[in-house]
Amino acid sequence: MKRREFLALLGGATLTHPLQASAETPGRIFHLGTIQPAVPLSEGSPFGKILVKALAERGYILGQNLTFDSRGAMGDAGKLPSLLQELKARNVDVVVAVGYVAALAAKETGIPTVVAWGAGDPVETRLIDSLAHPGGNVTGISDVAATLTTKRLSLLKEMSPKLQKVAMLWNEDDLGMTLRYQASAKAAQSMGITVQALGVREPDDFNEAFSVMNGDMPDAILMVADALTVLNRKRVFEFSAIKKLPAVYEYDFLVRDGGLMSYGPDLIESLERAASMVDRIFKGAKPGELPFEQPTRYPFVLNLKTAKGIGLEIPPTLLALADEVIE
């Protein structure tokens, strides 16, 4: 059930040169591409529908003046360059990318790119020059890993007051996620929490990670989300359930899919703001001149069904903090 209503997005008028293209330009067809390292962000997918709706509100109607081409690497990052070349051959005007590896591959193509979420610190990874002046062909939405991790760990500690050791799962082959893990580990150490580092590179590595935890059981799990960990999320859910371990995730869709709890950016808001950036690029703006933005909404979501299934009692104080409780 919803505990708080989402805040309305801040609106702002965008000034455009009279010669720039607009959604009302007669005969103009705008071509949008999307790239994901996991499943495609297609027009019929849950997140794709949000993006299509947000663009329609700005005058871009699928099948009329908007085309939508989606590509997904299904966990094989090596496919991203060729998938992006397919989009480039289809003359897309803008690509909406999810995740650091997809954004990096899009940067190499020169296609104007808007990152919707999951790119980590784009300055630290050298994806862009600066948040205020990205330069190049990439802009988008980014959050601050260290700040969010501190909150996630505090929620775990509220759930388990005796928390001393947290296992952290992340994809070692993803620089953006490795930096997120490092920021998370630093935050944990500052709170006096021991980190059990469990980097993975392929699906088989999860078996080794579970084996390590079985030999030295942590008090909780924090999973850094990227294509690899998300595609193997059910295995993490099952392990944490069997071992009765509380686990926190970065995105609320993971909780709706069976995870215990999440604290992170509102991906609906991120997609709506990405659509606004796409609109500006369609109208002639250069991505390198559009500042990277930060999310403004960070919902805390709890899955009571999952908690009951593993015998965890949610403290009333934690329930009171939840923006959404899944029962």
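This one's a predicted model, so the numbers in the text were calculated from it and none came from an experiment.
Between the side chain of N232 and the main chain of R235, no donor-acceptor pair closer than 3.5 Å is present. The backbone N or O of A54 lies less than 3.5 Å from a partner atom in the side chain of R58, making a donor-acceptor pair. Panel note: side chain T139, backbone G288; no donor-acceptor pair is recorded below 3.5 Å. The main-chain N or O of N171 is never found under 3.5 Å from a side-chain atom of D174 such that the two would form a donor-acceptor pair. Between the T149 side chain and the A188 main chain, no donor and acceptor come within less than 3.5 Å of each other. The backbone N or O of I111 sits nowhere less than 3.5 Å from a side-chain atom of D93 that would complete a donor-acceptor pair. With hydrogens and angles ignored, the 3.5 Å screen pairs a side-chain donor or acceptor of T306 with a backbone N or O of G258.
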Would you please test R233 and D257 for side-chain contact (heavy atoms from CB on, under 4.5 Å) and show each step?
CA-CA 9 Å; R233 64 194 181 281; D257 203 26; 2.5 Å; yes

I'd like to know whether E86 forms a side-chain contact (heavy atoms from CB on, under 4.5 Å) with R71, so could you lay out the CA-CA distance, the side-chain angles of the two residues, the decisive distance to 0.1 Å, and finally the verdict.
CA-CA 9 Å; E86 291 177 13; R71 298 290 186 277; 2.7 Å; yes

Intermediate values then yes/no, side-chain contact (heavy atoms from CB on, under 4.5 Å), M277 and R280
CA-CA 5 Å; M277 289 182 165; R280 294 174 69 181; 5.5 Å; no

Run the numbers on L260 and V255 for side-chain contact (heavy atoms from CB on, under 4.5 Å), then give the verdict.
CA-CA 6 Å; L260 176 64; V255 177; over 6 Å; no

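The shortest distance between side-chain heavy atoms of V115 and S142 does not fall below 4.5 Å. In this structure, the side chains of I281 and P287 come closer than 4.5 Å at one or more pairs of heavy atoms. The side-chain heavy atoms of V95 and T34, taken from C-beta on, include no pair separated by under 4.5 Å. Counting only heavy atoms from C-beta outward, the side chains of F253 and V230 approach each other to under 4.5 Å. For the pair E250 and R152, the minimum side-chain heavy-atom distance is below 4.5 Å. Contact annotation: the side chain of L80 approaches that of V101 to within less than 4.5 Å [non-hydrogen atoms, C-beta and beyond]. Inter-residue side-chain proximity for L131 and I128 is flagged as met; some heavy-atom pair is nearer than 4.5 Å. Under the 4.5 Å side-chain criterion, counting only non-hydrogen atoms from C-beta, L319 is in contact with L304.
The side chain to side chain contact (heavy atoms under 4.5 Å, CB included) test with L66 is passed by exactly one of I61, V278, V52, L32: L32. Just one residue in the list Y100, Y181, F206 forms a ring pair (Phe, Tyr, Trp, His ring centres under 6.0 Å) with W170, and that residue is Y181.
Between R256 and E324 there is a salt bridge, since at least one side-chain N of the basic residue sits less than 4.0 Å from a carboxylate O of the acidic one. Between K305 and E327 there is no salt bridge, since none of the side-chain N atoms of the basic residue sits less than 4.0 Å from a carboxylate O of the acidic one. The pair K53-E272 fails the salt-bridge criterion, with no side-chain N (NZ, NE, NH1 or NH2) lying under 4.0 Å from an Asp/Glu carboxylate O.
In this structure, I268 is a member of the same hydrophobic cluster as V114, with clusters built from ILVMFWY side-chain heavy atoms closer than 4.5 Å. Side-chain heavy atoms closer than 4.5 Å link hydrophobic residues (I, L, V, M, F, W, Y) into clusters, and following such links, possibly through other members, connects F237 to M217. Under the 4.5 Å side-chain heavy-atom criterion for ILVMFWY residues, no single connected hydrophobic cluster contains both F292 and L267. Clustering ILVMFWY residues whenever any of their side-chain heavy atoms sit less than 4.5 angstrom apart, transitively, puts L222 in the very cluster that holds M159. Criterion: ILVMFWY side-chain heavy atoms under 4.5 Å apart, direct or through other members. Under it, L231 and Y249 are not part of a common hydrophobic cluster.
The neighbour count for Q294 CD, taken as heavy atoms of other residues, nucleotides or ligands under 6.0 Å away, is above 12.
Here the straight-line distance linking atom NZ of K157 with atom CG of L318 works out to 13.5 Å at 0.5 Å rounding. One finds the CG atom of L83 at 15.0 Å from the NZ atom of K88 (value rounded to the nearest 0.5 Å). Note that CE of M177 and CD of Q182 are 11.5 Å apart. Values are rounded to the nearest 0.5 Å. Interatomic distance, OG of S160 versus CG of L155, reported as 11.5 Å (0.5 Å rounding). Rounding to the nearest 0.5 Å gives a distance of 9.0 Å between CZ of R273 and CZ of R297. L156 CG to D219 CG: the interatomic distance, rounded to the nearest 0.5 Å, is 10.0 Å.
Between the side chains of T178 and E172, no donor N or O sits under 3.5 Å from an acceptor N or O. Side-chain contact of K243 with N214: a donor-acceptor pair under 3.5 Å is present, judged by distance alone. D279 and S276 are not linked by any side-chain donor-acceptor pair at a separation below 3.5 angstrom, with hydrogens and angles left out of the test. Residues T296 and E269 bring a donor and an acceptor atom of their side chains to less than 3.5 Å of each other.
Between V138 and P134, the shortest heavy-atom distance links the atoms O-CB, 3.3 Å. For the pair G176 and T125, the tightest heavy-atom approach, listed with the atom from each and the gap, is CA-CG2, 4.0 Å. Here the shortest heavy-atom pairing between S270 and P265 reads OG-CB, 4.4 Å. Residues Y251 and S262 share a closest heavy-atom pair of O-CB, 3.5 Å. Residues D216 and Q196 come closest through the heavy atom pair O-NE2, 2.9 Å. Heavy atoms only, all atoms of each residue included: A106 and T113 are closest at CB-OG1, 3.4 Å.
Residues satisfying the salt bridge (charged side-chain N to carboxylate O under 4.0 Å, His left out) criterion with D143, sequence neighbours excluded, are R180.
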Name each donor-acceptor pair under 3.5 Å that joins a side chain in residues 40-48 to protein atoms two or more places apart or in another chain, with its distance.
residue : atom : partner : partner atom : Å
S42     : OG   : S45     : N            : 3.4
S45     : OG   : S42     : N            : 3.4
S45     : OG   : S42     : O            : 2.8
S45     : OG   : G48     : N            : 3.0

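Note: F239 and F210 meet the aromatic proximity criterion, with ring centroids under 6.0 Å apart.
Using a 30° and 60° split on the angle between ring planes, Y60 and F30 fall in the perpendicular class, above 60°.
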